[in-house]
Number of protein chains: 2
Amino acid sequence: MKTTLKKRETMHMLCLKGLELFHNKGFYNTSLDDILNELSLSKGAFYHHFKSKEDFFINIVQNLVVQKVYALLVEPLHTQDNPLHVIVDSLERALEPSKGNEMAYGFMLNDFLTEFNKRNKEIHRYLKDILNVWEVNLISVLKKGKLDGHIARHVDCEGVATYIISSYLGMRSLLMDNSNEGQLKYQYIQQLKQYCKVLSEQESLA
Amino acid sequence: MKTTLKKRETMHMLCLKGLELFHNKGFYNTSLDDILNELSLSKGAFYHHFKSKEDFFINIVQNLVVQKVYALLVEPLHTQDNPLHVIVDSLERALEPSKGNEMAYGFMLNDFLTEFNKRNKEIHRYLKDILNVWEVNLISVLKKGKLDGHIARHVDCEGVATYIISSYLGMRSLLMDNSNEGQLKYQYIQQLKQYCKVLSEQESLA
DNA sequence: ATCAAAACCGACCAAGAGGTCGGTTTAATG
DNA sequence: CATTAAACCGACCTCTTGGTCGGTTTTGAT
């Protein structure tokens with residue numbers, strides 16, 4: 001029993017620190033020793049728990065990344081409110097520097113997607129699947145909004161979801177260096193709201 | 001004289017092949033030997049012309065990437081037409097699989113930006129500067145459109161530029177695996193047009 | 001033809017990284 | 001206290017890669 005706890009504890013420490021460094025420096029630019037040194041652990045410990053560096057990362061994705069994406073981008077969608085407001089709010093919150101000293105979890109998806117795209121198709125698929133979950137939920141919320149009369153009937157919900165996701169992912173590239181961070185976010189949210197006007201019922205005179 | 005020509009020729013071959021492979025596999029995932037083998041050249045030849053792998057890439061950016069971005073995204077903007085149409089058209093064309101067998105040059109900016117962000121600040125800056133040129137031109141064209149009565153007075157041109165750029169960059173992450181390529185592009189352009197409606201003079205009742 | 005400089009070759013080096021493995025420590029159990 | 005398995009250590013291996021350098025070939029001017 002205690003054994004299992006210790007195992008989980010060590011694995012958890014490794015995953016947390018791993019995500020932190022992978023997020024800061026990139027997966028392939030972070031060596032195992034980088035992680036191990038910071039935790040005062042050894043290669044032996046690492047390979048006792050994970051069978052490879054990539055297996056390690058898959059573990060991180062399934063245990064940490066998925067949860068963060070759900071908490072930040074999926075769950076906030078399911079409110080009994082106007083979907084357009086809900087979406088804007090969730091994105092605004094996801095772009096926050098994050099409460100406390102957490103890192104900006106919402107951002108890392110794009111980085112990792114790009115990094116693994118040309119390197120590891122399996123991991124890339126895991127990440128893509130997470131994106132898909134978000135997309136599916138976006139679409140479903142949008143469609144519900146159509147029924148509830150918040151969204152104009154002419155709107156292509158799938159297209160809107162694609163557009164929202166792409167703009168959100170693209171913000172990552174723009175926010176990478178921290179210059180103008182605040183301004184960029186403000187501009188993004190403002191324009192997102194403008195875009196939403198075209199989708200709302202009131203403006204549908206097209 | 002001929003000497004200079006031979007030098008330029010070899011350098012040009014290296015740059016072309018380098019960009020091709022860096023674009024396909026990523027900079028850090030492509031070894032010099034990968035490039036050299038395909039051209040039947042040696043390490044000696046390479047280091048005779050370039051002082052390092054990263055110097056090589058900077059050369060590529062300045063000679064090839066800049067040109068492509070200009071040709072695809074900047075120059076098309078400067079037409080005496082409605083800026084909104086011009087922008088949509090240029091993006092639509094930039095998302096084309098590219099005429100002939102060229103690679104999709106329009107896309108690589110986002111990949112390279114992400115890759116170098118956490119690795120090489122100098123190169124990252126070069127790439128960011130290219131983005132800035134695009135942004136500046138976008139803004140100037142938008143502002144001109146405001147004067148010409150194509151764009152509503154309430155529009156924040158800087159914000160619009162940011163939003164357009166971020167959505168364009170984000171498309172890269174979505175288009176990375178080739179599934180649904182056509183559909184994604186179609187959705188993107190359609191929604192971009194919807195967004196433009198809010199910006200145009202006619203719809204400005206806000 | 002000569003010769004010097006440019007262009008090029010390719011064996012070699014050093015550093016870093018992922019991964020291995022035999023041995024040691026820790027800790028729960030009887 | 002003894003036992004045993006899990007947890008952990010760290011030296012070592014192997015492979016890759018950017019970069020070096022002494023030597024060779026090409027080339028163009030005289």
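Here is how names work: the chains are called A, B, and so on, in the same order as the sequence lines, proteins then strands, and each is numbered from 1.
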Requested in this report: Have a look at K53(B) and say if it touches a base, only the backbone sugar-phosphate, or nothing, with a 4.0 Å heavy-atom cut-off.
Outcome: sugar-phosphate
Among the nucleotides dA7(C), dG10(C), dA7(D), whichever has the atom closest to the side chain of S42(B) is dG10(C)
Whole-Å distance, D34(A) CG to dA15(C) C1', equals 14 Å
In whole angstroms, the gap separating P of dA11(D) from CG of L36(A) amounts to 14 Å
Contacts of L41(B) and F27(A) projected onto DNA chain C by closest heavy atom; the upstream (5') one is L41(B)
- Task: Indicate yes or no for a side-chain donor-acceptor contact from Q67(A) to the backbone of N63(A) under 3.5 Å, with no hydrogens or angles considered.
- Result: yes
Whole-Å distance, Y28(B) OH to dA17(C) C1', equals 16 Å
Which of dG10(D), dT20(C), dG18(D) is nearest the side chain of S31(B)? It is dG18(D)
message: Does dA7(C) have its OP1 or OP2 closer than 4.0 Å to a side-chain nitrogen or oxygen of H48(B)?
response: yes
Here the distance between atom P of dC12(D) and atom OH of Y47(A), to the nearest Å, is 19 Å
Check whether any side-chain heavy atom of Y163(B) sits under 4.5 Å from a side-chain heavy atom of Y168(B), and report yes or no. no
When rounded to whole Å, the CD to C1' distance for the pair E9(A) and dA7(D) reads 12 Å
* Within a reach of under 6.0 Å around NZ of K143(B), are more than 12 heavy atoms found that belong to other residues, nucleotides or ligands? -> no
Open item on the list: Centre-to-centre under 6.0 Å for F116(A) and Y126(A), is that the case here?
Closed with: no
Ranking dG18(C), dG18(D), dC8(D) by distance to the side chain of L32(B), first place goes to dG18(D)
Taken to the nearest whole Å, CG/D33(B) to P/dC9(C) is 12 Å
Between V160(B) and D156(B), is any pair of side-chain heavy atoms under 4.5 Å apart?
no
- Look at the side-chain N and O atoms of T10(A) and state whether any lies under 4.0 Å from the OP1 or OP2 oxygen of dC8(D). yes
When rounded to whole Å, the CG to C1' distance for the pair L21(B) and dG18(D) reads 16 Å
M11(A) CE to dA6(D) C1', in whole Å, measures 14 Å
**Prompt:** Taking atom types as they are modelled, is there a donor-acceptor pair under 3.5 Å from the base of dG10(C) to the side chain of K43(B)?
**Reply:** no
Quiz item: Distance check: side-chain N/O of H49(B) vs OP1/OP2 of dC8(C), anything under 4.0 Å?
Solution: yes
